[in-house]
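All remarks here apply to the structure that follows.
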Amino acid sequence: MLNINDFQTADFIQQSRNIYLHKDLTFGTPICRYIPIDYFVEILSTQKLYVSNRKYLNDKREQGIKENLRDIFPLSPIYEDENMTREEAIRRYGLHQEAYSTCVSCWTKRTDESIMLWNCYGQNTCRLSTTIGGLINAIQPDLQMPTILVAPIQYVDNDGTNLIYEKVFSKNKAYQDEQEIRLCLLCNEHHFLLNIDTKVLIKDIILNPFFSKCYQNFLKDSIEERYKFLDGRINYSHLLEYKS
């Protein structure tokens with residue numbers, strides 16, 4: 001199983017027993033996430049954040065699939081060098097396979113509204129805004145919680161890397177407009193439910209600009225009535241894409 005020592009440990013600062021933050025990030029860094037409305041309501045109801053296994057993300061590279069098939073097996077024992085035993089090569093290869101089945105939650109540093117992102121994530125979504133500190137402090141640790149790493153994604157020209165860190169925290173340059181901040185759980189379950197405090201997590205919510213004005217009003221009034229702490233935190237988009 002992967003652990004913090006398999007990563008570039010000098011790049012991370014320990015925040016608690018199980019949470020490590022990349023040195024280039026601060027607690028005050030704003031981050032956002034575009035999520036379906038029904039999932040947002042579920043987060044409020046359950047006080048849990050669903051963290052999916054990378055194997056189920058749309059980008060095939062997240063699953064370890066490469067454009068150049070030779071790059072899929074960089075640490076296979078047939079590539080071991082003279083300083084690495086066969087047993088060590090097999091162990092390293094297993095760790096790299098595990099890196100492609102960790103659980104991740106993807107956020108963005110983009111705080112400006114993006115019609116591209118609204119379109120990308122669908123027209124039944126809202127945008128949840130917080131800070132890195134808000135996200136970390138919202139997590140309620142328990143005995144089952146695995147090690148968590150939070151770091152920015154590095155955008156690279158190719159996929160041919162032998163570093164576990166880069167297998168988790170790098171993507172092709174075609175995705176650089178996402179400006180992703182990634183929360184990675186060092187576990188290989190189908191998914192993991194993080195216990196969270198939504199009062200700490202949520203700074204504000206922006207409703208989808210494709211919703212009708214009537215539906216936006218309904219959502220805002222209904223959610224604020226049910227969850228009083230959100231009063232004043234649910235906002236309308238500055239974009240006007242809805243059909244009247």
Side-chain angles (χ1 to χ4, degrees), residues 7-8 10-16 19-37 39-40 43 49-52 54 57-59 61-62 99 102-123 125-139 147-157 159 161 163 165-186 192 194 196-209 230 233-239 241:
F7 292 78
Q8 296 168 215
D11 287 343
F12 287 95
I13 300 172
Q14 189 170 7
Q15 305 300 316
S16 66
I19 302 178
Y20 296 81
L21 179 64
H22 192 275
K23 65 181 182 181
D24 291 341
L25 299 176
T26 67
F27 267 39
T29 303
I31 54 174
C32 304
R33 190 175 180 200
Y34 292 76
I35 58 175
I37 281 288
Y39 175 47
F40 172 57
I43 291 175
L49 182 68
Y50 184 100
V51 185
S52 177
R54 295 178 69 189
L57 300 182
N58 291 331
D59 180 6
R61 288 182 176 85
E62 296 282 3
T102 51
C103 292
V104 298
S105 180
C106 306
W107 299 70
T108 178
K109 288 194 298 182
R110 290 195 63 161
T111 57
D112 58 318
E113 275 199 80
S114 166
I115 195 65
M116 179 198 73
L117 292 177
W118 281 122
N119 280 312
C120 177
Y121 291 106
Q123 297 183 8
T125 54
C126 62
R127 195 189 77 170
L128 188 160
S129 299
T130 185
T131 61
I132 288 177
L135 176 60
I136 289 176
N137 289 331
I139 297 171
T147 297
I148 297 174
L149 282 64
V150 182
I153 289 293
Q154 300 172 347
Y155 296 96
V156 297
D157 288 318
D159 301 311
T161 174
L163 297 176
Y165 178 92
E166 292 180 5
K167 289 186 182 296
V168 176
F169 293 109
S170 71
K171 296 177 75 170
N172 188 277
K173 276 190 174 180
Y175 293 88
Q176 61 188 343
D177 286 343
E178 293 177 346
Q179 298 182 32
E180 183 181 334
I181 301 295
R182 175 165 292 188
L183 181 147
C184 175
L185 278 62
L186 300 187
F192 194 90
L194 277 178
I196 58 168
D197 183 343
T198 52
K199 293 180 180 178
V200 176
L201 175 68
I202 301 170
K203 179 181 178 182
D204 64 62
I205 297 294
I206 294 181
L207 299 176
N208 197 302
L230 288 176
R233 299 193 199 183
I234 299 180
N235 302 304
Y236 301 118
S237 170
H238 292 297
L239 304 176
E241 298 292 328

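Only this structure's heavy atoms are used, side chains among them; waters, hydrogens and symmetry mates stay out.
Residues passing the side-chain hydrogen bond (donor to acceptor under 3.5 Å, both in side chains) test with Ser114: none are found, sequence neighbours excluded. With sequence neighbours left out, the side-chain hydrogen bond (donor to acceptor under 3.5 Å, both in side chains) criterion links Thr130 to no other residue. Shown here are the side-chain hydrogen bond (donor to acceptor under 3.5 Å, both in side chains) partners of Thr125, two or more places apart in sequence or in another chain: Asn208.
The CD1 atom of Ile148 sits 8.5 Å away from the CD1 atom of Ile136 when rounded to the nearest 0.5 Å. Here the CD1 atom belonging to Ile19 is positioned 4.0 Å from the CD1 atom belonging to Ile139, to the nearest 0.5 angstrom. For the atom pair Cys32 SG and Lys203 NZ, the distance stands at 8.5 Å (nearest 0.5 Å). From Leu185, atom CG reaches atom OG1 of Thr147 across 9.0 Å, with rounding to the nearest 0.5 Å.
Side-chain contact between Asp177 and Met116 is present, with at least one heavy-atom pair separated by less than 4.5 Å. Inter-residue side-chain proximity for His22 and Ile181 is flagged as unmet; no heavy-atom pair is nearer than 4.5 Å. Taking the side chain as every heavy atom from C-beta outward, Asn137 and Phe27 approach each other to under 4.5 Å. Using a 4.5 Å cut-off on side-chain heavy atoms (C-beta onward), Ile43 and Leu49 make contact. The shortest distance between side-chain heavy atoms of Asp157 and Lys173 falls below 4.5 Å. For the pair Cys126 and Ile35, the minimum side-chain heavy-atom distance is below 4.5 Å. Using a 4.5 Å cut-off on side-chain heavy atoms (C-beta onward), Glu178 and Cys106 make no contact. Side chains of Leu21 and Thr29 form no contact here, defined as non-hydrogen atoms less than 4.5 Å apart.
Listed for the Arg182 side chain is a donor-acceptor partner under 3.5 Å among the backbone atoms of Val168. Of the possible polar contacts, one joining the Glu113 side chain to the His238 backbone as a donor-acceptor pair under 3.5 Å is found. Although no hydrogens or angles enter the test, the distance criterion places a donor-acceptor pair under 3.5 Å between the side chain of Gln15 and the main chain of Ile13.
Between Phe7 and Tyr165, the ring planes lie perpendicular to each other; the angle is over 60°, past the 30° to 60° tilted range.
Nearest heavy-atom pair across Leu135 and Ile31 is CD2-CD1, 3.9 Å. Listed here is the closest heavy atom pair of Ser237 and Leu207: CB-O, 3.5 Å. Here the closest non-hydrogen pair linking Ile206 and Trp118 is O-CH2, 3.6 Å. Shown here for Gln179 and Tyr155, the closest heavy-atom pair between the two residues is N-OH, 3.5 Å. Taking both residues in full, the closest heavy atoms of Arg110 and Asp112 are given as NH2-OD2, 3.0 Å, listed atom of the first, atom of the second, then distance. Of all heavy-atom pairs spanning Thr111 and Arg127, the tightest one is O-NH1, 3.0 Å.
A salt bridge does not link Lys199 with Asp197: every distance from a Lys NZ or Arg NE/NH1/NH2 to an Asp or Glu carboxylate oxygen is 4.0 Å or more.
Residues Phe12 and Tyr20 place their aromatic rings such that the two centres sit no closer than 6.0 Å.
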